[in-house]
Amino acid sequence: MNLNESTFINKIKSFSKKLHELKVFRRIGITYQVFWNLFLLTIIVGCMSLFFLGGTAAGYFASLVKDEPLRTADEMRDRIYDYEETSQVFFAKNEPLGELPTDVERHKVSLEDISDHLKHAIIATEDEYFYEHEGVVPKAIMRATFQEFANSSLQTGGSTLTQQLIKNQILTSEVSFDRKATEILLAMRLEQFLEKDEILEAYLNIVPFGRNASGRQIAGVQAAAIGIFGVDASELSIPQAAYIAGLPQSPFGYTPFLQNGDIKENLDPSLNRMKTVLSRMHEGGFISTEEYEDALAYDIREHFAEPTVAPIEQYPYLTNEVLRRATDVLAKQKIKANYPDYDELEQEEKLKIFNRASEEARLDLRSKGYRIHTTIDQDIYLAMQEAVQNDNIFGPDKKYKNDAGEELLDQEEVGAVLIENHTGAIKGFVAGRDEILGNEFNRATQANRPNGSTMKPLLAYAPAMEIGAIQPGIVVPDTYAEYRTNGREIRNFDRRHLGLISVRESLARSRNVPAIRASYMVPYEQQRKILLDYGFNLPSDAPYESSPLGALEVTVEQNTNAYATFANGGKFIESYMIERIETADGELVFEHEKSEKEIFSPQTAYLTIDMMRDVLRGVGTATSIPGRLAYSADWLVKQVRQTIQKTLGLSLLIQMSH
């Protein structure tokens with residue numbers, strides 16, 4: 001084979017080799033193209049599927065929230081901050097009396113007055129991404145949704161603090177996709193209207209915490225801190241904060257107290273929950289390892305608060321009287337604001353409106369966190385209650401039989417009111433001898449009874465002196481006399497007559513005939529006007545001829561208030577017990593305004609006072625009283641059934657009866 005042939009053969013071989021390599025590369029290229037196209041197709045199908053699923057999910061989400069109204073920022077704020085708060089009552093001088101009865105105790109507190117430990121504990125436990133998310137955490141929602149569809153036994157939940165706030169304040173606890181979708185929508189919307197700290201503060205004020213040491217339900221961190229550990233929310237230690245932060249997951253499962261206030265024997269569930277909270281605080285960098293270990297060693301049981309007695313249990317008469325009067329005050333405000341033509345309405349319509357306004361006022365008092373300041377002096381009030389516990393100053397119990405024939409005892413009861421003359425402020429009262437919960441009928445302010453001979457100065461002697469018909473030294477005969485209308489004899493209590501005696505002596509000796517004769521000198525319409533000016537509730541045909549002897553029924557408060565007219569120089573100043581009502585933020589809701597009207601001249605008032613001093617001396621009917629007192633003072637008295645009146649800045653009237 002020559003050189004040319006060899007070269008030709010090599011070229012053919014080289015060409016074949018290259019042709020083979022070309023075929024291999026072509027095959028690889030085709031395979032690559034196939035896989036690349038398949039990859040692109042997969043990407044396209046995947047994206048289309050995602051768009052389809054996303055569109056479907058969005059459409060489903062939209063269908064779930066289609067009926068939800070578009071809420072404004074103000075509307076959402078109003079709903080978020082519309083939570084019940086316990087109202088508080090104060091004695092005079094801002095001395096705390098206690099809280100009004102309510103279903104749930106709650107006290108609003110600002111975020112700056114809450115312990116940082118508690119804020120950290122809540123965030124670490126309930127919403128670790130609180131300051132990062134926009135109202136919802138998608139990963140948590142997807143996890144919770146998967147667990148729901150998979151019917152997983154482990155339900156980790158996906159709600160942020162914002163969502164929980166929405167659920168508690170705007171929505172309900174209903175378990176449904178509709179409610180959850182609306183919750184997500186509103187949570188994202190709320191984040192646009194409120195700052196994070198505002199959301200956290202609102203949450204800490206509304207979340208429930210089970211029961212306090214007295215067994216009452218509590219909500220909000222301030223009520224929890226005071227009710228569980230006896231400290232303000234600002235003073236909570238790390239373990240205390242961790243313990244409280246663990247309660248919202250299961251308030252009544254983890255609460256350490258039973259309904260009667262006793263501590264549960266087994267606290268393991270709540271203590272284990274506290275350890276979980278501490279662990280998360282440690283992992284989140286909120287506490288150091290040393291603080292973590294110290295908190296684990298803390299004896300929670302030793303630091304629980306002591307139970308406290310609610311005012312309704314400690315002071316049932318006073319609490320109910322405050323509730324009654326505050327309700328009346330707020331109801332009148334509502335009527336004045338909403339019914340400008342109220343006074344022109346028919347009586348039946350008036351009653352309906354007043355009842356409706358009163359019910360609204362009662363609800364407000366139990367839920368709006370009012371601060372009710374009263375005129376009651378705590379020391380005076382307690383001293384008056386203590387005084388009537390002495391059985392020796394009362395008559396013996398009377399026996400009687402009920403409808404079933406059972407023999408029962410009826411004890412002598414008492415009603416007393418002490419009023420500051422120049423203001424009308426009620427400083428103290430006695431509503432009855434036995435201050436028992438469930439028996440709150442106030443014999444000082446609610447019991448209408450004949451006021452007996454105490455009416456003589458009010459309706460007979462003072463009015464007659466005012467028109468110049470009599471004077472203290474003028475004789476008004478104590479002789480046989482008859483009523484003008486029925487001809488029946490006017491009798492004195494001793495069935496005797498003393499003849500020609502002065503008005504001063506007639507009052508001191510409590511003679512009936514001269515009192516009726518003095519009242520005859522006063523025109524009927526003037527008598528009626530005077531009684532109405534005293535604030536007495538009169539029948540349409542009153543007063544009667546026997547009214548100067550006490551035929552009209554009045555309360556002890558009304559009678560005392562009328563007598564204070566003499567101490568005020570003839571001016572009637574209306575009594576009151578509610579000094580002012582404020583919101584929890586200190587905004588003034590109501591403040592008492594002094595109301596006075598002139599009934600008698602100062603001269604008439606002075607002469608009436610001077611005559612009543614004689615009741616305590618000489619031939620008066622209450623001469624034994626000064627000897628029973630441990631001190632001396634300038635007293636004026638009109639005594640009947642142990643009724644007493646004092647005029648040195650204060651008016652006191654006591655009425656005793658079976």
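Values below: all heavy atoms of this structure, side chains included; hydrogens, waters and symmetry mates excluded.
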**Item:** Verdict with supporting geometry, Tyr315 and Val322, side-chain contact (heavy atoms from CB on, under 4.5 Å)
**Value:** CA-CA 11 Å; Tyr315 305 111; Val322 171; over 6 Å; no
**Request:** Check step by step if salt bridge (Lys or Arg N to Asp or Glu O under 4.0 Å) holds for Glu132 and Lys196.
**Result:** CA-CA 10 Å; Glu132 301 168 20; Lys196 285 289 187 180; over 6 Å; no
**Prompt:** What do the steps show when you test Thr162 against Tyr203 for side-chain contact (heavy atoms from CB on, under 4.5 Å), and what is the final call?
**Reply:** CA-CA 8 Å; Thr162 313; Tyr203 174 84; over 6 Å; no
**Request:** May I have the step-by-step check of side-chain contact (heavy atoms from CB on, under 4.5 Å) for Lys93 and Asp377, ending in yes or no?
**Result:** CA-CA 8 Å; Lys93 303 174 185 176; Asp377 185 294; 4.0 Å; yes
**Message:** For a side-chain contact (heavy atoms from CB on, under 4.5 Å) check, start with the C-alpha distance between Val556 and Thr445, then their side-chain angles and the critical distance, and finish with the verdict.
**Reply:** CA-CA 6 Å; Val556 176; Thr445 65; over 6 Å; no
**Message:** Using salt bridge (Lys or Arg N to Asp or Glu O under 4.0 Å), reason through Arg79 and Glu75 one step at a time and then give a plain yes or no.
**Reply:** CA-CA 6 Å; Arg79 291 295 298 275; Glu75 288 175 337; over 6 Å; no
**Message:** Could you walk me through whether Glu359 and Arg362 satisfy the salt bridge (Lys or Arg N to Asp or Glu O under 4.0 Å) test, starting with their C-alpha distance in whole Å, then the side-chain angles of each, then the deciding distance to 0.1 Å, before giving a yes or no?
**Reply:** CA-CA 5 Å; Glu359 184 58 32; Arg362 272 189 288 270; 3.3 Å; yes
**Message:** Using salt bridge (Lys or Arg N to Asp or Glu O under 4.0 Å), reason through Glu321 and Arg324 one step at a time and then give a plain yes or no.
**Reply:** CA-CA 5 Å; Glu321 186 66 23; Arg324 187 172 69 87; 2.6 Å; yes
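Under the 4.5 Å side-chain criterion, counting only non-hydrogen atoms from C-beta, Asp113 is not in contact with Gln222. Between Glu582 and His373, the closest side-chain pair of non-hydrogen atoms falls below 4.5 Å. Inter-residue side-chain proximity for Arg211 and Thr255 is flagged as met; some heavy-atom pair is nearer than 4.5 Å. A heavy-atom distance below 4.5 Å is found between the side chains of Asp197 and Tyr131. Between Thr423 and His592, the closest side-chain pair of non-hydrogen atoms is not below 4.5 Å. The shortest side-chain heavy-atom distance between Val388 and Phe394 falls under the 4.5 Å cut-off. A heavy-atom distance below 4.5 Å is found between the side chains of Met76 and Ile166. Inter-residue side-chain proximity for Leu100 and Ile372 is flagged as met; some heavy-atom pair is nearer than 4.5 Å.
Not counting sequence neighbours, Asp78 has no partner by the side-chain hydrogen bond (donor to acceptor under 3.5 Å, both in side chains) test. Annotation: side-chain hydrogen bond (donor to acceptor under 3.5 Å, both in side chains) contacts of Lys332 (sequence neighbours excluded): Asp328. For Glu95, the side-chain hydrogen bond (donor to acceptor under 3.5 Å, both in side chains) criterion is met by no residue, not counting sequence neighbours. Partners of Tyr83 according to the ring-ring contact (aromatic ring centres under 6.0 Å, His included) rule, which considers only residues two or more places apart in sequence or in another chain, do not exist here. In this structure Phe286 satisfies the ring-ring contact (aromatic ring centres under 6.0 Å, His included) test together with His120, sequence neighbours excluded.
Remark: side-chain polar atoms of Arg280 are not paired, donor with acceptor, to backbone N or O of Ala124 under 3.5 angstrom. For the pair Arg433 (side chain) and Val414 (backbone), a donor-acceptor distance under 3.5 Å is absent. Asn260 places a side-chain N or O within 3.5 Å of a backbone atom of Asp262 that can act as its donor or acceptor partner. With hydrogens and angles ignored, the 3.5 Å screen pairs a side-chain donor or acceptor of Lys119 with a backbone N or O of Leu111. With hydrogens and angles ignored, the 3.5 Å screen pairs no side-chain donor or acceptor of Thr86 with any backbone N or O of Glu99. Panel note: side chain Gln389, backbone Gln385; a donor-acceptor pair is recorded below 3.5 Å. Between the side chain of Thr583 and the backbone N or O of Glu587, at least one donor-acceptor pair lies under 3.5 Å. For Ser87 (side chain) and Tyr370 (main-chain N/O), a donor-acceptor pair under 3.5 Å exists by modelled atom type. Looking only at distances, a side-chain donor or acceptor of Gln333 sits under 3.5 Å from a matching main-chain atom of Val589. No donor-acceptor pair closer than 3.5 Å links the side chain of Ser279 to the backbone N or O of Lys275.
Across Gln163 and Ala187, no two heavy atoms sit closer than the pair CG-CB, 3.7 Å. Taking all atoms of both residues into account, the shortest heavy-atom contact from Pro316 to Asn320 is O-ND2, 2.7 Å. Residue Ala361 comes nearest to Thr327 through the heavy atom pair CB-O, 3.6 Å, listed as atom of the first residue, atom of the second, then distance. Smallest separation of non-hydrogen atoms from Phe441 and Gln446: CE1-CB, 3.8 Å. Scanning all heavy atoms of the two residues, the minimum distance from Tyr243 to Pro256 falls at OH-CB, 3.3 Å. The two residues Glu557 and Ser575 make their nearest non-hydrogen contact at OE2-OG, 2.6 Å.
The 12-atom threshold is not exceeded at OH of Tyr129, counting heavy atoms of other residues, nucleotides or ligands nearer than 6.0 Å. Sparse packing is recorded around NZ of Lys368, with 12 or fewer heavy atoms of other residues, nucleotides or ligands lying under 6.0 Å away. Residue Glu235 places its CD atom among more than 12 non-hydrogen atoms of other residues, nucleotides or ligands, all under 6.0 Å distant.
With rounding to the nearest 0.5 angstrom, the CD atom of Gln217 is 7.5 Å from the CG atom of Asp103. Note: Ile426 CD1 to Leu418 CG = 9.5 Å, rounded to the nearest 0.5 Å. The OG1 atom of Thr160 lies 7.0 Å from the CD atom of Glu191; values are rounded to the nearest 0.5 Å. Going from atom CD1 of Ile123 over to atom CE of Met281 covers 10.0 Å, rounded to the nearest 0.5 Å. Of the inter-residue distances, the one linking Leu330 atom CG with Ile581 atom CD1 reads 4.5 Å to the nearest 0.5 angstrom. In this structure, CD1 on Ile206 lies 5.5 Å from CG on Leu165, to the nearest 0.5 angstrom.
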Please tabulate, one pair per line, all N/O donor-acceptor pairs under 3.5 Å involving side-chain atoms of residues 302-309, not counting sequence neighbours.
unit_1	atom_1	unit_2	atom_2	d
His303	ND1	Tyr298	OH	3.3
His303	ND1	Asp299	O	2.9
Thr308	OG1	Ser214	OG	3.3
Thr308	OG1	Arg216	NH2	3.3

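Electrostatic pairing of Lys108 and Glu85 does not count as a salt bridge here, judged by no charged N lying under 4.0 Å from a carboxylate O.
Using the six-membered ring where Trp is involved, Tyr292 and His282 have ring planes that are parallel, under 30° apart on the 30 and 60° scheme.
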